[in-house]
Asker: 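Starting off with a structure, shown below.
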Amino acid sequence: MAPRTALVPDPHGPGGRLQPLDDAGSPLGPPETVPDLAAAVAAREAAGSDRLPGPRWVWAAADSAYAPLLPRLPDRLARCHDLRLVEALLLAHEGRFGAPRSLGAAWSRLRGLPVPDDLPEPGSAESDDGQDTLFAPDRLQLPPGADPLAAVVAVHAEQQRRLAAIPDPAARHRLRLLVAAESAGALVAAEMTHDGLPWRTDIHDRLLTELLGPRPTVPGTQPKVLAELAVELQQALGGRPFNPDSHSQVLRAFADRGIQLGSTRSWELKGVDHPAAQLLVRYKELSRIHAAHGWAWQDAWARGGRFRPEYVVGGVVSGRWASRGGGALQIPRILRRAVVADPGWLLVVADAAQLEPRVLAALSQDAGLARTAAGGDLYEALAASAFHGDRDKAKLGLLGAMYGQTSGDIGPLLNTLRHRYPAAMGYVEAAARTGEDGGVVASRLGRVCPPASAAFLDLTEAPETAGEAGGRTARARGRFTRNFVIQASAADWALVLLAALRRRLNALPATVPADRPHLVFFQHDEVVVHTPANLADEVAAAVAEAADEARLLVFGDTPVRFPLTTAVVDCYADAK
DNA sequence: TCCTCTTGCGCC
DNA sequence: AAAGGGCGCAAGAGGA
């Protein structure tokens with residue numbers, strides 16, 4: 001069994017091409033053309049199942065290679081190497097952040113040819129969005145006539161060479177772990193889109209009706225409750241008609257009654273002593289649900305009892321995932337009522353408790369902070385040791401330190417933290433200084449942040465005249481790098497947890513693969529597994545084991561613990 | 001009419 | 001005086 005196998009689907013049919021590789025990426029045999037790629041892949045995957053894993057599948061990108069294969073595979077694949085994701089990690093690590101990362105771009109760099117830009121993502125502003133661009137082979141950006149399989153093999157070998165060339169063994173080991181975890185993320189993302197999050201449209205519908213009134217029969221008309229609120233609002237402000245969705249009209253309507261608002265933000269309105277302000281807050285809450293997750297959303301995204309967003313692995317520079325379509329990572333809490341396990345199934349919902357401060361403790365090896373993060377409620381322990389038991393102060397101070405907050409009454413809290421936890425505070429402050437000086441920082445596993453020029457340097461402004469604005473920009477950059485080291489290292493941990501959990505779930509017994517527990521949601525520090533009811537306890541145990549495995553792999557020998565809050569429920573809304 | 005920018009708010 | 005990091009999405013404003 002070859003340790004790796006390059007895989008290229010035939011864009012126009014069920015077939016494809018394969019080539020066995022060793023771990024360095026050298027071919028172990030000739031390319032092979034197969035008429036049924038799914039069958040050929042499944043056979044090779046199964047051949048390894050007795051103790052030995054199947055090959056690590058090497059492909060250009062999961063959305064073009066794995067997603068189309070998934071419906072035709074009898075079972076999930078164990079491991080992959082996703083060239084596009086790994087290229088992005090390596091480019092950033094090598095100080096070439098933002099260079100095109102498609103297979104064609106990587107191959108062209110290798111051959112010294114002009115490098116094509118990456119195509120805009122489907123659904124983004126720049127793409128003219130033909131329906132089937134997603135799986136089209138030209139997204140690989142290979143020059144005409146280039147052999148895709150040869151390109152996959154060559155780019156993979158080059159990536160393996162670049163990884164092996166990292167001089168520091170520990171850094172090399174960590175980046176290889178990140179490469180494996182990021183690739184596993186690509187598998188999870190494709191599978192979660194394929195499986196979908198269980199979504200009861202009947203419950204969703206009932207919630208919407210309770211909040212907004214019945215679904216309008218004429219599309220585009222406002223639901224009853226919103227229309228009524230708009231009228232009440234108008235009357236409360238003197239009766240002249242205005243559009244509550246228009247910021248400028250709202251500001252004018254309030255101004256006409258002698259109320260000067262700085263903005264129409266809810267938190268500001270909540271402090272305004274006038275009935276119209278409270279009506280507007282309510283209007284905005286309901287109007288948002290209607291616009292963002294109402295009936296139109298349901299029609300577009302939640303058909304057939306499943307919500308199937310597209311996840312974008314590594315879509316955030318910190319390594320957090322992003323999503324495309326349906327606001328997958330912003331489902332309002334109230335609508336989680338509609339996420340219900342199938343009959344005979346349950347949801348195992350687990351989220352990491354106070355992940356980011358724990359990550360800071362582990363990163364900085366601050367002995368005192370590590371003691372507060374050795375168990376239970378971190379903020380409680382922090383409060384007991386440094387804030388006279390005031391948990392709110394402890395939390396506010398620590399969050400402020402991680403985000404770079406300077407406002408409010410936070411100064412004394414930061415001073416206390418600086419005095420009691422010098423290593424932890426020194427760690428974030430060093431990251432902030434690096435950013436202010438225009439440098440880059442990296443996560444624990446080696447995900448490197450973008451350089452200052454990308455988002456923070458205003459080129460229209462000469463440095464010598466920048467003055468005030470330049471200082472503001474530098475401080476903003478400092479807050480970004482200060483937070484990056486923590487957010488990105490937390491994302492490292494979560495990604496490794498995800499990979500470890502997926503491996504454990506796939507090892508659970510199931511008479512048919514469709515009856516196996518599977519991930520249905522992942523949101524930064526939280527996972528949801530849909531499982532046959534009889535396996536729920538094993539799934540809960542698997543999540544705990546995966547979290548501890550992630551701790552060990554990412555942070556090694558640390559006293560810091562990363563406890564999970566785990567709930568086994570019918571309905572997502574009951575988890576917290 | 002189309003497009004980009006801004007605002008505001010949902011989630012972590 | 002300025003004032004907490006990261007996103008996606010929808011609507012309005014306003015220019016082309």
Asker: Over all heavy atoms of both residues, which pair between W297(A) and A302(A) is shortest? Give the atoms and the distance, please.
Answerer: CZ3-CB, 3.8 Å
Asker: Check every strand shown and say whether I289(A) touches a base, only sugar-phosphate, or nothing at a heavy-atom separation below 4.0 Å.
Answerer: nothing
Asker: Find the distance L286(A):CG to dG8(B):C1' and express it as a whole number of Å.
Answerer: 16 Å
Asker: Which of parallel (below 30°), tilted (30 to 60°) and perpendicular (above 60°) describes F562(A) and F555(A)?
Answerer: parallel
Asker: Of all heavy-atom pairs between A373(A) and L378(A), which one has the smallest distance, and what is that distance?
Answerer: CB-CD1, 3.6 Å
Asker: Using the P atoms only, state how far dT7(B) lies from dA3(C), rounded to an integer number of Å.
Answerer: 15 Å
Asker: Can you measure D351(A) atom CG to dC11(B) atom P for me and round it to whole angstrom units?
Answerer: 14 Å
Asker: L398(A) has an atom CG; how far is it from atom P of dG4(C), in whole Å?
Answerer: 16 Å
Asker: Would you kindly give the NE2-to-P distance between H293(A) and dG8(C), to the nearest whole Å?
Answerer: 14 Å
Asker: Look at the side-chain N and O atoms of S323(A) and state whether any lies under 4.0 Å from the OP1 or OP2 oxygen of dG8(C).
Answerer: no
Asker: Measure from CG on L226(A) to C1' on dA10(C) and round the result to the nearest Å.
Answerer: 14 Å
Asker: Where is the tightest heavy-atom contact between A186(A) and L85(A), given as atom of each residue plus distance?
Answerer: CB-CD1, 3.7 Å
Asker: Over how many whole Å does the gap from E429(A) atom CD to dG4(C) atom C1' extend?
Answerer: 15 Å
Asker: Mapping Q487(A) and R475(A) to their closest nucleotides on DNA chain C, which lands nearer the 5' end?
Answerer: R475(A)
Asker: Less than 3.5 Å between a donor and an acceptor, one on the side chain of R320(A) and one on the base of dC12(B), is that the case here?
Answerer: yes
Asker: With a 4.0 Å limit, can you tell me whether R479(A) has a side-chain N or O closer than that to the phosphate oxygens OP1/OP2 of dG5(C)?
Answerer: yes
Asker: Which heavy atom in A490(A) sits nearest to a heavy atom in E356(A), and how many Å separate them?
Answerer: CB-CG, 4.3 Å
Asker: How long is the line joining CH2 of W297(A) and P of dA11(C), in whole Å?
Answerer: 16 Å
Asker: Quick check on dA3(C): is either OP1 or OP2 less than 4.0 Å from any side-chain nitrogen or oxygen of T406(A)?
Answerer: no
Asker: Examine dC12(B): is either OP1 or OP2 under 4.0 Å from a nitrogen or oxygen in the side chain of R333(A)? Give yes or no.
Answerer: yes
Asker: Going by modelled atom types, is there a donor-acceptor pair between the base of dG8(C) and the side chain of Q330(A) at under 3.5 Å?
Answerer: yes
Asker: Between the base of dC9(B) and the side chain of R288(A), is there a donor-acceptor distance below 3.5 Å?
Answerer: yes
Asker: Ignoring backbone atoms, establish whether N483(A) has a side-chain N or O less than 4.0 Å from OP1 or OP2 of dG4(C).
Answerer: no
Asker: Would you please confirm or rule out a distance under 4.0 Å between OP1 or OP2 of dG6(C) and any side-chain N or O of S318(A)?
Answerer: no
Asker: Below the 4.0 Å mark, does dG8(B) have OP1 or OP2 next to a side-chain nitrogen or oxygen of K284(A)?
Answerer: no
Asker: Tell me whether the OP1 or OP2 atom of dG4(C) has a side-chain N or O from S407(A) closer than 4.0 Å.
Answerer: yes
